Asker: 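Here you go, one structure.
Computed from a predicted structure; not experimentally measured.
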There are 2 protein chains.
Amino acid sequence: MTLVITMSTPQPELTESEWAIIKAVWEHQPCAAPSVQEALVASRGWTYSTVRTLMDRMVAKGLLTAEKIRHLTLYRAAVSRRQAQLGELRYALRHAFDGALKPMVETLLTAETLSAADLDELEALIVARRKSQAGRPARKANP
Amino acid sequence: MTLVITMSTPQPELTESEWAIIKAVWEHQPCAAPSVQEALVASRGWTYSTVRTLMDRMVAKGLLTAEKIRHLTLYRAAVSRRQAQLGELRYALRHAFDGALKPMVETLLTAETLSAADLDELEALIVARRKSQAGRPARKANP
DNA sequence: ATTCAATATCTACACGTGTAGAGATGTCAA
DNA sequence: TTGACATCTCTACACGTGTAGATATTGAAT
């Protein structure tokens, strides 16, 4: 239930446009294309055709599912927000950090956009993590 | 010298192919296209033409620089490894986490691929970070 | 000078992505 | 049953990316 970077569920990388669409779908699903278009026209200026094309291509890719009820097509996300997040993370990890997680986290921590409270929470997380791993076999530092 | 996620230096996102090329360039620069091709033919199977096209397009994009000495073209990276790393991270941060750094770090920490030693180092980093921020004005948790 | 090997240039093509118009079709109200 | 409106389908196009062949040019060795 934990795990993550190496599981078998799909962890796709999304384009900017796909992110916009799938976020709207996550928020409104199940939903029809016109709703998504309305939700996005302000920020992206997309017409119905554009949104529809994008969505259908995403169905073809397995990012969304489409269910046709009479003449209305209902869309749902086929990947969870978490899966999509992991996909993006995995991409950065693989290419920018050659798979080494620690340097990646280091870089993020050094980004100095974290408040003292954030730092506290993250430290707590590390402590918790260490605890839960206490009994386990050791593993290589930078796989 | 700290900073990062919000600086003005270019932080491009790279495609998989571009990552392969620029890594080779970082390692061999200044270097000619044939060297890069040799370095990559094993892993990617690319011909000289392919590598050359990719590299010239990267020059056009500002990822590499090319200097022509007589009939030989010498390439160099125009962005540092760090900049490229930040570009990738920024992309994930913006789209997958809506700019909220803490959830992103949390996700990474929960990835359970970190050894006890890694966790120690990261905690030390957090402690250091907190110290260096002690006197500063508070800032929003999730910008 | 002639040729060989290295390097470079040009051109091309298929596929993905962003973008959307035009026209078809289904639905509901009068 | 006839519109008016909502929704869908089809088709298209430009631009980016991955991939590379064919051809030219150059520098060096003979």
Asker: Are A:E18 and A:R57 close enough for a salt bridge, meaning some N to O gap below 4.0 Å?
Answerer: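 Salt bridge: no.
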Asker: Assess whether side chain to side chain donor-acceptor pair (under 3.5 Å) is satisfied between A:H95 and B:E16, documenting all intermediate values.
Answerer: CA-CA 7 Å; A:H95 297 98; B:E16 213 143 7; 3.1 Å; yes
Asker: Do you reckon A:L74 sits in the same ILVMFWY cluster as A:V25, going by side-chain contacts under 4.5 Å, direct or chained?
Answerer: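 Cluster IDs for A:L74 and A:V25 differ.
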Asker: Within this structure, what is the CZ-to-C1' distance between B:R52 and C:dT9, rounded to whole angstrom?
Answerer: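 So the two atoms are 8 Å apart, to the nearest Å.
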Asker: Salt bridge (Lys or Arg N to Asp or Glu O under 4.0 Å) for A:D56 and A:R52? Distances and angles first, verdict last.
Answerer: CA-CA 6 Å; A:D56 287 337; A:R52 186 66 199 242; 3.2 Å; yes
Asker: Look at the side chain of B:T110 and the backbone N and O of B:E106, then say whether any donor-acceptor pair between them is shorter than 3.5 Å.
Answerer: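 Here the side-chain-to-backbone pair exists.
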Asker: Quick one about A:T50 and A:T53 (side-chain donor to acceptor, distance below 3.5 Å, no hydrogens or angles considered), yes or no?
Answerer: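 Looking only at side-chain atoms, A:T50 and A:T53 do not form any donor-acceptor pair under 3.5 Å.
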Asker: On DNA chain D, does the nearest nucleotide to B:V51 precede the nearest nucleotide to A:H71 from the 5' side, or the other way round? Give the residue.
Answerer: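 Between the two, 5'-proximity favours A:H71.
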Asker: So does A:S80 get a backbone contact from the side chain of A:Q83, meaning a donor-acceptor N/O pair under 3.5 Å?
Answerer: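 Such a contact is found between A:Q83 side chain and A:S80 backbone.
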Asker: Whole angstrom is fine here: how far is it from CZ in B:R70 over to P in C:dA8?
Answerer: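 Spelled out: CZ on B:R70 to P on C:dA8 is 14 Å.
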Asker: First and last nucleotide of DNA chain D touching chain A, 5' to 3', heavy-atom cut-off 4.0 Å?
Answerer: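 Listed 5' to 3', the contact boundaries are D:dT7 to D:dA12.
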Asker: With distance as the sole criterion, is a donor-acceptor pair present between the side chains of A:T107 and B:R82 under 3.5 Å?
Answerer: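 Yes, because at least one side-chain N or O of A:T107 sits under 3.5 Å from a partner of the opposite role on B:R82.
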Asker: Which pairs, protein N/O on one side and nucleotides 20-23 of chain C N/O on the other, fall under 3.5 Å?
Answerer:
from, atom 1, to, atom 2, distance (Å)
C:dA20, OP2, A:T50, OG1, 3.0
C:dA20, N6, A:T53, OG1, 2.8
C:dG21, N7, A:S49, OG, 2.9
C:dG21, O6, A:S49, OG, 2.8

